[in-house]
> 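Following this message is one structure expressed as structure tokens.
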Number of protein chains: 2
Amino acid sequence: MRRDIFQAIADPTRRAIIALIAVHAMTPNAIAENFHTTRQAVSRHLRILTECELVKQEFQGREIYYSLEIDKMKEIDNWLKQYRKIWETRFIQLDQILLANKKKKK
Amino acid sequence: MRRDIFQAIADPTRRAIIALIAVHAMTPNAIAENFHTTRQAVSRHLRILTECELVKQEFQGREIYYSLEIDKMKEIDNWLKQYRKIWETRFIQLDQILLANKKKKK
DNA sequence: AATTTGTGAAACCAAAAAGTTGCACATATA
DNA sequence: TATATGTGCAACTTTTTGGTTTCACAAATT
């Protein structure tokens with residue numbers, strides 16, 4: 001049961017959880033209130049997110065506060081970097097074409 | 001069978017296909033040579049990628065060249081943007097703390 | 001001490017995903 | 001025209017996923 005970050009963010013509920021706890025740490029019960037599923041289902045999503053370290057726990061008595069491990073999000077950004085390079089060069093190329101056409105018009 | 005971009009990139013084989021065709025357009029057979037699965041399995045991955053418009057086809061006789069629809073990748077970048085904002089402000093905050101400490105030392 | 005509350009985990013189930021095999025079909029090539 | 005090649009698709013199977021129900025257990029509260 002090897003889970004990676006990309007699989008973690010594939011589920012829309014998990015992305016919603018991420019968006020929620022990005023603002024501030026929340027307990028599983030508080031998180032579950034925002035969804036139409038059971039608390040246990042949310043708990044499982046949290047386990048998956050914790051397993052791949054996208055989320056961290058902070059124990060406070062019997063309550064557990066979950067918050068986003070923002071550094072882990074950078075891994076996605078890092079993967080995207082190679083493609084960002086592509087669309088940026090394309091943009092520059094397009095820019096140069098537009099510029100060349102402008103000159104021609106003159 | 002609603003598929004979104006995040007589900008599309010969840011599969012490691014599909015990410016590998018994306019990486020391959022990002023360099024230059026390739027036919028399904030050429031792509032399949034790089035994997036241990038059957039050509040049909042790769043074909044299915046290509047269908048999924050095409051359905052969510054991450055990939056485009058170019059017909060050339062009986063061959064089909066697949067290439068990356070780079071614009072679609074920006075959607076992931078767009079989603080990531082909100083979190084990038086978080087880690088950048090954290091970085092600035094850390095920076096200010098370090099600066100403050102430096103001043104104290106003096 | 002008894003009860004309530006917050007939580008995770010296991011067992012089970014339905015749905016979806018990913019793979020394989022076998023096919024159909026159109027385009028090249030002999 | 002007959003055959004080879006490149007491709008997609010449907011049927012079937014196995015594995016994975018996401019959900020629910022039921023439990024266990026520790027920390028608060030009564």
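What you see is a predicted model; the values in this text were computed from it and never measured. Below, each value reflects all heavy atoms present in this structure, side chains not excepted, and no hydrogens, waters or symmetry copies. Lettering follows sequence order; numbering is per chain, from 1.
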> A/Q57 CD to C/dG6 P: how many Å, rounded?
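Roughly 17 Å, once rounded to whole Å.
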> Do the non-hydrogen side-chain atoms of A/N34 and A/M26 ever get within less than 4.5 Å of each other?
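Yes, close enough: below the 4.5 Å cut-off.
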> Starting at atom CD1 of B/I9, determine the distance to atom P of C/dA17, rounded to an integer number of angstrom.
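Rounding to the nearest Å, CD1 of B/I9 and P of C/dA17 are 15 Å apart.
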> Atom CD in A/Q82, atom CE in B/M73: separation rounded to 0.5 Å?
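A/Q82 atom CD to B/M73 atom CE measures 7.5 Å (nearest 0.5 Å).
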> Round to the nearest Å and state the distance from A/D11 atom CG to D/dT17 atom P.
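From A/D11 CG to D/dT17 P: 11 Å.
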> Between B/K85 and B/E88 (salt bridge meaning N to carboxylate O under 4.0 Å), is one present in this structure?
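Between B/E88 and B/K85 there is no salt bridge, as every charged N stays at least 4.0 Å from the carboxylate O atoms.
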> Looking at B/R47, does any N or O in its side chain come under 4.0 Å of the phosphate oxygens OP1/OP2 on D/dG8?
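No, B/R47 has no side-chain N/O under 4.0 Å of OP1/OP2 on D/dG8.
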> My understanding is that only one of A/L49, A/I18, A/D4 makes a side chain to side chain contact (heavy atoms under 4.5 Å, CB included) with A/I9; could you say which?
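The side chain to side chain contact (heavy atoms under 4.5 Å, CB included) with A/I9 is passed solely by A/I18 among A/L49, A/I18, A/D4.
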> Can you confirm whether B/Y66 sits close enough to B/V42 that some side-chain heavy atom of one is under 4.5 Å from a side-chain heavy atom of the other?
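Sidechains of B/V42 and B/Y66: no contact.
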> Give the rounded distance in Å between these two atoms: CD of B/Q7 and C1' of D/dT17.
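In whole Å, D/dT17 C1' and B/Q7 CD are 10 Å from each other.
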> Enter the distance from A/I21:CD1 to A/I31:CD1 here, rounded to the nearest 0.5 Å.
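It comes to 5.5 Å.
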> From C-beta outward on B/R14, which listed nucleotide comes closest to its side chain: C/dG8, D/dG18, C/dA18?
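It is C/dA18.
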> Over how many whole Å does the gap from B/I64 atom CD1 to D/dC9 atom P extend?
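The distance from CD1 of B/I64 to P of D/dC9 comes to 9 Å, rounded to the nearest Å.
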> Please report the end-to-end axis angle for the helix from C/dA1-D/dT30 to C/dA30-D/dT1, five pairs per end, rounded to 10 degrees.
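What I find for the helix from C/dA1-D/dT30 to C/dA30-D/dT1 is an axis angle of 10°.
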> How many whole angstroms separate atom CZ of B/F35 from atom C1' of C/dA18?
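Rounded to whole Å, this separation is 14 Å.
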> Closer than 4.0 angstrom, basic N to acidic O: yes or no for A/K74 and A/D77?
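Looking at A/D77 together with A/K74, the answer is no, because their closest N to O distance does not fall below 4.0 Å.
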> To the nearest angstrom, how far is A/E51 atom CD from C/dA9 atom C1'?
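In whole Å, C/dA9 C1' lies 12 Å from A/E51 CD.
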> Is there a path of hydrophobic side-chain contacts, each under 4.5 Å between heavy atoms of I/L/V/M/F/W/Y residues, joining B/I48 to B/I76?
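The answer is no; the residues belong to distinct hydrophobic clusters.
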> Verify the cluster assignment for A/W87 and B/V23: are they in a single hydrophobic cluster under the rule of side-chain heavy atoms below 4.5 Å apart?
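No, no single cluster joins them.
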> Using 0.5 Å steps for rounding, measure from the CG atom of B/D11 to the NE2 atom of B/H45.
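The NE2 atom of B/H45 is 4.5 Å from CG of B/D11, to the nearest 0.5 Å.
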> Using a heavy-atom distance cut-off of less than 4.0 Å, which residues of residues 15-33 of chain B contact DNA chain D?
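B/T27, B/P28, B/N29 - these, ordered by number, are the residues of the stretch whose heavy atoms sit under 4.0 Å from the strand.
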> Contact between A/Y83 and B/L68 at the side-chain level, heavy atoms closer than 4.5 Å - yes or no?
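The answer is yes; the side chains approach within 4.5 Å.
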> Indicate for each nucleotide in nucleotides 20-30 of chain D, in 5' to 3' sequence, whether protein heavy atoms under 4.0 Å reach the base (B), only the sugar-phosphate (S), or nothing (-).
BBB----BS--
> Starting at atom CZ of B/F59, determine the distance to atom P of D/dG6, rounded to an integer number of angstrom.
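Going from B/F59 (CZ) to D/dG6 (P), I get 17 Å.
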